[in-house]
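First up is the structure itself, then whatever we jot down about it.
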Amino acid sequence: MKRALTIGGGVVATIAILWFVVATYVFPSIGSVVKAAVEQVGSDLTQTTVRLDDVQLSLTDGKGSLHGLHMTNPSGFEETDAFAFEVIAIDVDLSTLASDVVVINEIVVEKPRIRYEIGEKGTNIDTIRGNVESQQSGGASSDDTETPSFIIKNLYLRDGTVSLAATGLFDEQLAVPLPDIHLTDVGQDGAGASPGDIVEQTLAAVGGGITTAVADIDLDGIRQGAEDVATDAGEAIEDAAEETGKAASDVGEAIGEGAEQAGEAVSEGAEAAGKAIKGLFD
């Protein structure tokens with residue numbers, strides 16, 4: 001009995017030590033692995049720069065969060081973020097982590113900030129979507145290892161904001177609310193969805209939300225307003241130039257008249273002085 005208790009105690013102690021090692025050394029590295037994977041895969045797929053500040057995951061219940069996820073604008077647009085997600089809450093089914101298809105119960109993006117920029121060659125969002133489609137069709141991958149597929153039961157984007165910017169129309173960004181987005185059973189119909197599929201479907205949904213968000217903005221009116229401002233400014237400049245020309249002309253005439261009067265005065269003074277000098281010798 002004593003030997004059995006000793007063996008049992010040794011097993012418990014071993015499990016405790018293993019748990020300590022996992023909790024102290026292994027689990028923290030999971031966050032860094034996830035961070036590196038998100039940044040590399042995201043950057044490769046979108047052909048932008050994706051950065052993630054921090055990852056927090058719980059090994060006990062599969063819940064966690066991503067903090068400070070940012071995606072820059074693609075080449076050809078302003079050097080700023082196209083997407084900024086400060087906090088993304090996730091809930092993973094831990095029993096599927098070792099399988100080929102990882103099940104994510106829920107992803108919630110609270111208060112996403114999206115920049116929708118209209119440039120000479122289209123929009124930044126459409127450009128990013130095109131980059132993803134190109135990478136998908138080309139079979140591009142960040143390395144030779146196989147990445148798991150995913151099933152996302154629920155994906156939410158809530159209380160978001162779209163900042164509209166248009167080259168040549170206005171300098172200030174117009175901020176409008178982004179309609180809430182809810183995607184369900186992403187990858188459920190097949191053998192899961194690849195990271196590229198998920199990004200592509202999410203961007204498609206975001207694009208639809210942006211279309212709805214900016215539908216009530218009178219872009220033609222903004223364009224006309226910008227043209228009117230430019231026209232008014234041009235007329236003001238012309239008027240100012242005309243007035244300046246008139247003023248210069250008046251100054252020139254005044255100088256000419258003054259010079260003429262001064263010349264007459266000098267001439268008259270010289271004549272009077274000559275008479276006075278002559279009178280001294282008469």
Side-chain angles (χ1 to χ4, degrees), residues 23 25-75 77-92 97 102 104-117 123-125 127-129 131-132 135 142-143 147-148 150 152 154-165 173 175-183 186 193-207 209-210 213:
Y25 300 102
V26 179
F27 183 62
S29 68
I30 293 176
S32 62
V33 170
V34 172
K35 178 179 182 298
V38 169
E39 291 179 338
Q40 184 169 3
V41 173
S43 299
D44 289 345
L45 281 172
T46 61
Q47 295 298 288
T48 66
T49 299
V50 175
R51 66 186 189 278
L52 178 61
D53 293 339
D54 187 32
V55 178
Q56 298 178 3
L57 296 174
S58 172
L59 196 61
T60 57
D61 57 10
K63 294 183 179 180
S65 55
L66 311 181
H67 297 262
L69 178 64
H70 297 264
M71 179 191 298
T72 62
N73 253 341
S75 177
F77 295 88
E78 292 292 329
E79 294 183 1
T80 185
D81 288 339
F83 292 91
F85 302 157
E86 294 307 320
V87 180
I88 303 174
I90 58 176
D91 181 1
V92 182
L97 284 180
V102 177
I104 301 177
N105 296 320
E106 185 176 77
I107 297 178
V108 180
V109 183
E110 294 286 357
K111 298 181 179 180
R113 300 194 309 273
I114 300 172
R115 176 184 175 89
Y116 184 62
E117 184 176 336
T123 73
N124 59 336
I125 305 301
T127 300
I128 294 173
R129 288 182 64 183
N131 290 342
V132 174
Q135 294 298 307
S142 58
D143 51 41
T147 58
F150 297 88
I152 303 177
N154 291 283
L155 191 156
Y156 299 93
L157 286 86
R158 297 170 175 165
D159 301 324
T161 303
V162 178
S163 296
L164 177 64
Q173 297 185 54
V176 294
L178 176 72
D180 289 350
I181 295 172
H182 181 199
L183 300 180
V186 177
S194 69
D197 292 332
I198 295 172
V199 171
E200 201 169 349
Q201 291 183 47
T202 303
L203 285 176
V206 168
I210 291 174

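In this text, all values refer to a predicted model and were calculated from it rather than measured experimentally.
Note: Leu203 CG to Phe83 CZ = 5.0 Å, rounded to the nearest 0.5 Å. Note that CD1 of Ile181 and CD1 of Ile210 are 8.0 Å apart. Values are rounded to the nearest 0.5 Å. Remark: Thr123 OG1 to Arg115 CZ distance equals 12.0 Å, nearest 0.5 Å. A distance of 7.0 Å separates CD in Gln135 from CG in Leu45, rounded to the nearest 0.5 Å. Of the inter-residue distances, the one linking Asn131 atom CG with Asp44 atom CG reads 11.5 Å to the nearest 0.5 angstrom. Atom OG1 of residue Thr46 and atom CG of residue Asn73 lie 11.0 Å apart, to the nearest 0.5 angstrom.
Here the shortest heavy-atom pairing between Ile90 and Ser65 reads CG1-N, 4.2 Å. The shortest heavy-atom contact between Pro177 and Ala213 is O-CB, 3.3 Å. Thr161 approaches Ala175 most closely through the heavy-atom pair CG2-CB, 4.1 Å. Scanning all heavy atoms of the two residues, the minimum distance from Pro195 to Val41 falls at CB-CG1, 4.0 Å. When every heavy atom of Phe85 is checked against every heavy atom of Arg113, the shortest pair comes out as CD2-N, 4.5 Å. The two atoms that bring Gly42 and Val50 nearest to each other are C-CG2, 3.6 Å, heavy atoms only.
Between Glu110 and Arg158 there is a salt bridge, with a side-chain nitrogen of the basic residue lying less than 4.0 Å from a carboxylate oxygen of the acidic one.
Judged by distance alone, the side chain of Gln201 and the main-chain N or O of Val186 form no donor-acceptor pair under 3.5 Å. The closest donor-acceptor contact from the side chain of Thr48 to the backbone of Met71 lies at 3.5 Å or more, if one exists at all. Formation of a donor-acceptor pair under 3.5 Å by the Glu39 side chain with backbone atoms of Leu52 is found in this model. Using modelled atom types, no side-chain atom of Asp91 and backbone atom of Ile104 make a donor-acceptor pair closer than 3.5 Å.
The side-chain heavy atoms of Ile114 and Ile125, taken from C-beta on, include a pair separated by under 4.5 Å. Residues Leu97 and Val92 form a side-chain contact, since some pair of their non-hydrogen atoms from C-beta on lies under 4.5 Å apart. By the 4.5 Å heavy-atom criterion applied to side chains, Lys111 and Glu86 are not counted as neighbours.
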Handout entry: Steps toward side-chain contact (heavy atoms from CB on, under 4.5 Å) verdict (Tyr116, Asn124)
Key = CA-CA 6 Å; Tyr116 184 62; Asn124 59 336; 4.1 Å; yes

Exercise for the section: Could you check Ser194 against Asp197 for side-chain hydrogen bond (donor to acceptor under 3.5 Å, both in side chains), going step by step and ending with a plain yes or no? Expected result: CA-CA 5 Å; Ser194 69; Asp197 292 332; 3.1 Å; yes

Handout entry: Asn154 and His182: CA distance, side-chain angles, deciding distance, side-chain contact (heavy atoms from CB on, under 4.5 Å) verdict
Key = CA-CA 7 Å; Asn154 291 283; His182 181 199; 2.8 Å; yes

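The only option from Thr80, Asp53, Asp81 that meets the side chain to side chain donor-acceptor pair (under 3.5 Å) definition with His70 turns out to be Asp81.
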